[in-house]
Amino acid sequence: MNDMNDKNEKIFSRRVVQWYLSTKRRSLPWTQNRSIYNVWISEIMLQQTRVSTVIPYYNRFVKRFPNVQSIVDSNMDEILYYWSGLGYYARARNIYETARRVVKDFKGVFPLDFQTISSFPGIGRSTAGAILSISENLSFPVLDGNVRRVLIRFFGLKGIKSQIEKELWSIVDRLVPKVDSRIFNQGMMDLGSEICLPLKSPICQDCPLEKDCFSRNMKLIKPESSIFHDRKNRYLKEKEVQLLILIKKDRFFLKKVLKGRIWRGLYIFPEFYSTDQLRLFLKKFDLIYPKDQIIKMKPILHSFSHIKLKIFPTKITIRKRNDQFSEHIKKHGIWYDMSGKQKIGIPKPIYSLMKEIINFSNSKKSF
DNA sequence: AAGTCGGGGCG
DNA sequence: CGCCCAGACTT
């Protein structure tokens, strides 16, 4: 069975499909109404993001944006508002760009062609396959982290990354059935997440593929799938940044991130890479004044996938009028009031800082 | 082929 | 703290 041939492929697929249909499946928001639009949004959100994390974001997003036209009629700030906290914000930009193309080139009707949707930003081979198989039951394979792990273990694959990757695509391409590709792909992913566990040892006695699995009943010592999308020494680089938190009547001064790759399009506190830079800025806009309250807050650690960021927040509560700074704001930033009326994207650590400050000042008031 | 891109959750 | 998550894109 480990040797692939026509018959064994069919047995493999049938076992996965049977297993999927025979067990109680959790119902997910995007499988209730499997419109290609819904599945597209869900698949983009699910890239490198857990199902349980995605669910509330997905529900909010499709409620506000029920179709591609509603996305095009909105703007990037509002889309990033609904994406705030999910991470990988380029995905939100990709959704906007794709929606724009679908309206412009396809009259707002999401195309069902593999090559076409693969050409949209943020949709690679696996996501294109997931969209077309889950929404339309078209026979395309999916190769995500779960499917990878199941296949690597079942066939006992090892070697260099690029070779395995090629081999895996060749395998799923032959395994995906002509009919029931939807069930098969979802079955493979669920097998990976529920049975063929990544960290804990797999529950082989519940696996429909156990009998012929190369790695059956393996004792999991070291995870093997990390070679794919996790790098070693991921926190090698450490960076420090000064954040200036300006507060005026319960409003926070936020600047839009215009360049760079991290958090582009989102709003953050003004950042400085030295205390001197920060001081210069304060002096330039005459922000240090006896009545202004200056507090150095406790540093915060924020880990990205490749950088560990140490944030040094300086909080200044402005109690005087400052016309020079007000002019500067109109051009370069906004006063944000946390009521939710201003629909903009805000990174998690920035939002957490604001919440912490508001809660602290509220708790002080109540005493 | 390797690096980049967030944030959360779990052991 | 290390690893993982319905990966895609750039360099």
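Residue numbering restarts at 1 for every chain, and letters A, B, ... go by the order of the sequence lines. None of the values given here were measured: they were computed from a predicted structure.
Between A:S52 and A:A90, the residue anchored closer to the 5' end of DNA chain B is A:A90, taking for each the nucleotide with the nearest heavy atom. The residue among A:P121 and A:T31 whose nearest nucleotide of DNA chain C is located toward the 5' end is A:T31. Remark on DNA chain B: of its neighbouring residues A:S162 and A:I346, the 5'-side contact belongs to A:S162, judged by nearest-heavy-atom nucleotide.
For A:P349, taking side-chain heavy atoms from C-beta onward, the closest of the listed nucleotides C:dT10, B:dG6, B:dG7 is B:dG7. Counting only heavy atoms from C-beta on, A:N146 has its side chain closest to C:dA6 among C:dG7, B:dT4, C:dA6. Of the candidate nucleotides C:dA6, C:dG7, B:dC5, B:dC5 has the atom nearest to the side chain of A:I262. Residue A:K308 places its side chain closer to C:dC1 than to any other of C:dA6, C:dC1, B:dG7. Checking B:dC5, C:dC5, C:dA6 against the side-chain heavy atoms of A:R149 singles out C:dC5 as nearest.
Across C:dA6 and B:dG3, the matching P atoms stand 25 Å from one another, rounded to whole Å. C:dA8 and B:dG8 have their P atoms separated by 23 Å, given to the nearest Å. When the P atom is used for both C:dC5 and B:dA1, the distance is 22 Å, rounded to whole Å.
Applying the 4.0 Å criterion to OP1 and OP2 of C:dG7, one finds that A:Q47 has every side-chain N and O outside that range. Within the structure, every side-chain polar atom (N or O) of A:K161 is placed at least 4.0 Å from both OP1 and OP2 of B:dA1. A sub-4.0 Å separation between OP1 or OP2 of B:dG7 and a side-chain N or O of A:W263 is present. Listed pair A:T127 / C:dA8 meets the phosphate criterion, a side-chain N or O lying under 4.0 Å from OP1 or OP2. Contact between the side-chain N/O atoms of A:H302 and the OP1/OP2 oxygens of B:dG7 is found at a separation under 4.0 Å.
Note on A:G192: nothing from the nucleic acid sits closer than 4.0 angstrom, heavy atoms only. Backbone-only contact: A:V51 has heavy atoms under 4.0 Å from sugar-phosphate atoms and none from a base. Within the 4.0 angstrom heavy-atom criterion, no nucleotide atom of any strand lies near A:W83. A:Y351 comes within 4.0 angstrom of nothing in the nucleic acid, heavy atoms only.
Note: NZ (A:K200) to C1' (B:dG9) measures 12 Å, nearest angstrom. Between A:F304 atom CZ and C:dC4 atom C1' there is a gap of 19 Å when expressed in whole angstrom units. Going from atom OH of A:Y89 over to atom C1' of C:dG7 covers 17 Å, rounded to whole Å. The nearest whole Å value for the distance from the CG atom in A:N94 to the C1' atom in C:dG7 is 11 Å. Whole-Å rounding puts the A:R34 CZ to C:dA6 C1' distance at 16 Å. Going from atom CG of A:L86 over to atom P of B:dC5 covers 18 Å, rounded to whole Å. For A:R125 and C:dA6, the CZ to C1' distance is 16 Å, given to the nearest whole Å. Here the P atom of nucleotide B:dG6 and the OH atom of A:Y57 are 13 Å apart, to the nearest Å.
Between A:H302 and A:F304, the ring-plane angle classifies as perpendicular under the 30° and 60° cut-offs. Between A:H328 and A:H332, the angle of the ring planes lies from 30° to 60°, which puts this pair in the tilted group. The aromatic rings of A:W335 and A:F253 are tilted relative to each other, their planes meeting at an angle between 30° and 60°. Classification of the A:F12-A:F154 ring pair by plane angle, with boundaries at 30° and 60°, yields perpendicular.
In the interface, the side chain of A:R50 is paired with the base of C:dC4 through a donor and an acceptor atom under 3.5 Å apart.
No donor-acceptor pair closer than 3.5 Å links the side chain of A:R64 to the backbone N or O of A:Y82.
Remark: A:R25 qualifies as a cation-pi partner of A:W19 under the 6.0 Å distance and 45° angle criteria applied to the six-membered ring. Under the 6.0 Å distance and 45° angle rule, A:R251 does not count as a cation-pi partner of A:Y336.
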